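Index from 1, following the sequence. The figures here come from the full heavy-atom set of this structure, side chains too, leaving out hydrogens, waters and symmetry mates. Small disclaimer: the values here were computed from a predicted structure and weren't measured.
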Amino acid sequence: MDFNFKEIFTAFMVLFAVIDIIGNIPIVIDLRKKAGHIQSEKASVIAGFIMILFLFVGQRLLNLIGIDVHSFAVAGSFILFFIALEMILGITLYKEEEEEALSATVFPLAFPLIAGPGSLTTLLSLRAEFNLENIIIAVLLNVIVIYIVLKTSSKIEKMIGPNGIKIIRKVFGVVLLAIAVKLFATNIKMLLA
């Protein structure tokens, strides 16, 4: 085991920026309103499990089913694109189901917002540069931060207020849309090259 604080910190910061749980607070609040309740622990654990599992088997799994990382990222960019449209336009594309609280916890919160194409492809990139144990610690630290943010999102909502949430939701919708477009553009170039 080769623990390296610099690698852990760098991997943590890269994942933190890509996951952008702070920027996703308006989405979390919106999902909480739609579903009535979001299981913070479950969402954090599922997202962490997906990221660590993908760290070990992601490349092989995608190769096994004949999908490259770039195709995976392009598909994920569409999901992010539609979530961003919901935020900006105030429309609902995601149909509600009977088990709404569970489905909102797993989809779209745990996947693709937290453990989405951006974070999963980032994990594959980090694996090429850093030791596996350092990346795992960085993922676990991010899961702790995610849990704290999810647990306190209703308090954050009370501090900001309904108009503040609407403004932040629109702004972060545009940011999420930009991330989706960038993810699409970067990976479509790789597919066409």
Go through Phe12 and Val145 one step at a time and tell me if the side-chain contact (heavy atoms from CB on, under 4.5 Å) criterion holds.
CA-CA 11 Å; Phe12 170 80; Val145 172; 4.1 Å; yes
Considering all heavy atoms, the nearest [X]-[Y] contact:
X	Y	result
Phe72	Ile67	N-CG2, 3.9 Å
Asn187	His70	OD1-ND1, 2.9 Å
Ala180	Phe81	CB-N, 3.7 Å
Leu113	Asn24	O-ND2, 3.9 Å
Ser119	Ile114	OG-O, 3.0 Å
Ile8	Ala138	O-CB, 3.7 Å

[Y] reachable from [X] in the ILVMFWY side-chain graph, under 4.5 Å edges:
X	Y	value
Val45	Ile52	no
Phe130	Leu141	yes
Met51	Phe49	yes
Tyr147	Ile50	no
Leu55	Leu64	no

With rounding to the nearest 0.5 angstrom, report the [atom1] to [atom2] distance, [X] to [Y].
X	Y	atom1	atom2	value
Ile19	Asn142	CD1	CG	4.5 Å
Glu41	Leu150	CD	CG	9.5 Å
Asp20	Leu15	CG	CG	12.5 Å
Ile146	Leu109	CD1	CG	9.0 Å
Ile160	Ile25	CD1	CD1	6.5 Å
Glu86	Leu31	CD	CG	8.5 Å

Could you walk me through whether Asn134 and Asn4 pass the side-chain hydrogen bond (donor to acceptor under 3.5 Å, both in side chains) test, one step at a time?
CA-CA 7 Å; Asn134 296 327; Asn4 181 323; 5.6 Å; no
Does the pair Ile188 and Leu191 meet the rule for a side-chain contact (heavy atoms from CB on, under 4.5 Å), with working shown?
CA-CA 5 Å; Ile188 202 76; Leu191 285 173; 4.2 Å; yes
How is the hydrophobic cluster of Ile167 composed, in terms of its other members, when Ile, Leu, Val, Met, Phe, Trp and Tyr link through side-chain heavy atoms under 4.5 Å apart, directly or indirectly?
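In the cluster with Ile167 are Val171.
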Inspect the surroundings of CZ in Phe5 and state if more than 12 heavy atoms from other residues, nucleotides or ligands are less than 6.0 Å away.
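Not more than 12 within 6.0 Å, no.
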Given Ile156 and Val28, is the side-chain contact (heavy atoms from CB on, under 4.5 Å) satisfied, shown in steps?
CA-CA 11 Å; Ile156 294 168; Val28 172; over 6 Å; no
State, with a plain yes or no, whether a side-chain heavy atom of Phe56 is found less than 4.5 Å away from one of Leu132.
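Yes, close enough: below the 4.5 Å cut-off.
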4.5 Å side-chain heavy-atom contact, Asn131 and Phe3:
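A side-chain contact is absent here, since even the closest heavy-atom pair is not under 4.5 Å.
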Qualifying side chain to side chain donor-acceptor pair (under 3.5 Å) pairs with a residue from residues 58-69, counting only residues at least two apart or across chains
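Matches after skipping sequence neighbours: Asp68-Ser71.
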Under 3.5 Å, is there a donor-acceptor pair linking the side chains of Arg32 and Ser153?
yes
